[in-house]
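Heads up: the structure comes next, in structure tokens.
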Amino acid sequence: MKKFLLNLIAFVSIIVLINEITSYFINPFNGAAGIEKKVEYIKNDTTTYNAILFGSSRLYRAFNPRIFDSVLATNNFMSYNLAAPGVTNPEVFYLLDNYIRVSSHKPEYVFLELISFDIIKKKWNDVPKYFYWERIPYYSFCLQYILNSNDPLSLKSKLLWLHTKGLAYKNTRFPQFSSFFDIKPQKKYFGEDEQGYLPVEDTRGIGDEQIEFRRERFNNTIKSLEIRRENLTNEYSLEYDSTWLNPYYYTFLVDLIEEYANKGIHIVYIIPPRADTFLQEIALLHKLPSDHIIDMGNPIKYPEFYSEEYTFDKSHLNKEGAALFSQKFAKKFKKQILDILSD
């Protein structure tokens with residue numbers, strides 16, 4: 001029995017090692033849906049982008065580079081929205097690491113959305129999107145994050161099982177090489193200005209059958225936005241509690257700032273509006289350097305981002321809301337970071 005277990009461990013280790021090695025020779029974004037197309041587009045684009053943004057649909061649908069850049073026109077600023085629907089934590093760090101690894105152009109700034117780690121996808125392991133990034137370094141991140149969190153044991157166990165299963169899926173399914181050789185730009189990912197921004201409204205008619213349903217559901221349950229706004233207002237009104245902070249996560253984010261500073265890249269973490277909870281992010285606001293984190297999610301300071309006027313559904317701004325967000329984000333970035341660093 002002992003010999004069998006040792007052989008099994010050796011076999012599994014070899015499989016994992018082979019997958020880790022081959023991961024460096026295939027498209028690291030294979031499985032990442034729109035991001036794969038966006039990265040290929042940027043690689044063939046002659047534009048020099050000062051900033052690249054990574055995040056989930058909250059920023060994919062809210063960060064309009066054209067408006068953001070227009071506010072920073074005197075700084076000759078150009079940005080690109082590399083966010084996509086359903087991006088998770090730590091997938092967002094995997095995307096950043098591999099974009100910098102394969103790209104010949106290094107931006108001056110990288111905007112990274114702070115995404116809740118405790119998001120559990122119903123189809124977590126059913127499609128490549130939810131396990132393509134589960135390599136050893138990021139699985140290790142998951143383990144340490146879970147072990148250092150204050151989550152109940154039941155949630156810790158569930159998250160641990162899901163990520164372990166994701167790692168197993170990653171290492172037992174052969175890579176799909178087809179998209180590596182056949183990456184065709186698709187307008188639906190890039191938006192009208194081809195800078196990666198696509199409002200939810202413009203998704204209709206090009207394949208997303210859930211858009212109309214989501215809008216109708218929101219219209220029937222509009223009070224859900226009010227409840228979210230009230231809950232977040234209460235969180236921002238609380239006295240800071242250090243137990244909100246995951247110490248491993250904080251150290252990881254600080255180390256990431258230093259790691260990319262050595263590459264000449266300034267990391268800026270973003271708290272966008274509309275998350276379910278911001279306790280962890282509020283804790284990070286108290287700890288991270290102010291020139292490396294921008295908070296746009298506070299409903300006390302930005303009540304407009306939680307108003308029906310600028311809403312598509314509970315989690316996303318509409319076109320008008322995205323325009324306002326991009327404008328205010330640019331002004332805050334300029335005042336809080338850009339002007340100070342240029343002095």
Side-chain angles (χ1 to χ4, degrees), residues 34-35 37-85 87 92 95-96 99-100 103-114 185-203 260 263-273 291-297 302 304-305 310 312 316-343:
I35 292 177
K37 311 296 183 183
K38 285 184 175 185
V39 170
E40 192 65 19
Y41 177 86
I42 295 176
K43 286 168 66 177
N44 296 321
D45 191 3
T46 57
T47 304
T48 299
Y49 293 104
N50 307 79
I52 303 291
L53 177 141
F54 297 84
S56 70
S57 62
R58 286 194 176 90
L59 287 178
Y60 177 41
R61 310 299 194 181
F63 180 75
N64 186 329
R66 180 179 58 81
I67 294 175
F68 182 89
D69 297 343
S70 68
V71 176
L72 302 175
T74 56
N75 300 89
N76 296 316
F77 215 84
M78 287 293 291
S79 59
Y80 194 91
N81 186 335
L82 204 55
V87 170
V92 67
L95 293 170
L96 166 63
Y99 172 78
I100 296 302
S103 175
S104 59
H105 168 65
K106 305 298 186 288
E108 298 173 60
Y109 297 91
V110 162
F111 299 137
L112 276 178
E113 179 183 352
L114 292 175
Q186 295 186 32
K187 192 81 171 179
K188 71 174 185 177
Y189 295 121
F190 308 138
E192 184 178 343
D193 297 314
E194 297 193 345
Q195 285 184 262
Y197 159 71
L198 185 68
V200 190
E201 296 95 315
D202 287 3
T203 308
Y260 277 89
K263 299 176 182 178
I265 299 172
H266 190 99
I267 295 287
V268 179
Y269 300 113
I270 306 173
I271 304 175
D291 61 331
H292 288 282
I293 184 168
I294 292 180
D295 180 18
M296 301 299 295
Y302 301 105
E304 59 272 29
F305 296 149
Y310 296 117
F312 181 85
H316 302 97
L317 298 169
N318 58 19
K319 268 188 181 180
E320 293 74 21
L324 186 63
F325 170 86
S326 302
Q327 183 183 67
K328 293 200 171 189
F329 175 42
K331 290 179 179 179
K332 191 163 187 178
F333 169 65
K334 179 176 172 58
K335 181 179 179 181
Q336 185 174 320
I337 298 175
L338 207 56
D339 289 346
I340 293 174
L341 293 180
S342 62
D343 287 343

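Worth knowing before you read on, the calculation uses all heavy atoms, side chains too, and leaves out hydrogens, waters and symmetry mates. Owing to the predicted nature of the structure, the values given are computational and were not obtained by experimental measurement.
Screening Y109, Y49, Y60 against Y80 for a ring pair (Phe, Tyr, Trp, His ring centres under 6.0 Å) leaves a single residue, Y49. Of the candidates I293, I270, V92, L114 forms a side chain to side chain contact (heavy atoms under 4.5 Å, CB included) with just one, namely I293.
Taking all atoms of both residues into account, the shortest heavy-atom contact from S56 to E113 is N-OE1, 2.6 Å. Nearest heavy atom pair, residue R58 against residue P273, reads CD-O, 3.4 Å. Here the shortest heavy-atom pairing between D69 and M78 reads OD2-CA, 3.5 Å. Pairing each heavy atom of E201 with each of N318, the nearest pair is OE2-CB, 3.1 Å. Closest approach of S79 to F68, counting heavy atoms only: OG-CD2, 3.7 Å. Heavy atoms only, all atoms of each residue included: N81 and K38 are closest at O-NZ, 2.9 Å.
At most 12 heavy atoms of other shown residues, nucleotides or ligands fall within 6.0 angstrom of atom NZ in K331.
Cation-pi geometry between K263 and Y260 is met: under 6.0 angstrom from the ring centre, within 45 degrees of the axis.
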Would V110 and F54 count as a side chain to side chain contact (heavy atoms under 4.5 Å, CB included) if you check the C-alpha gap in whole Å, the side-chain angles of each, and the deciding distance to 0.1 Å? CA-CA 8 Å; V110 162; F54 297 84; 3.9 Å; yes
Would you check, one step at a time, whether the test side chain to side chain contact (heavy atoms under 4.5 Å, CB included) holds for N64 with F325? CA-CA 8 Å; N64 186 329; F325 170 86; over 6 Å; no
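L72 has its side chain within reach of F333: a pair of non-hydrogen atoms, C-beta onward, lies under 4.5 Å apart. Side-chain contact between L324 and Y310 is present, with heavy atoms from C-beta onward closer than 4.5 Å.
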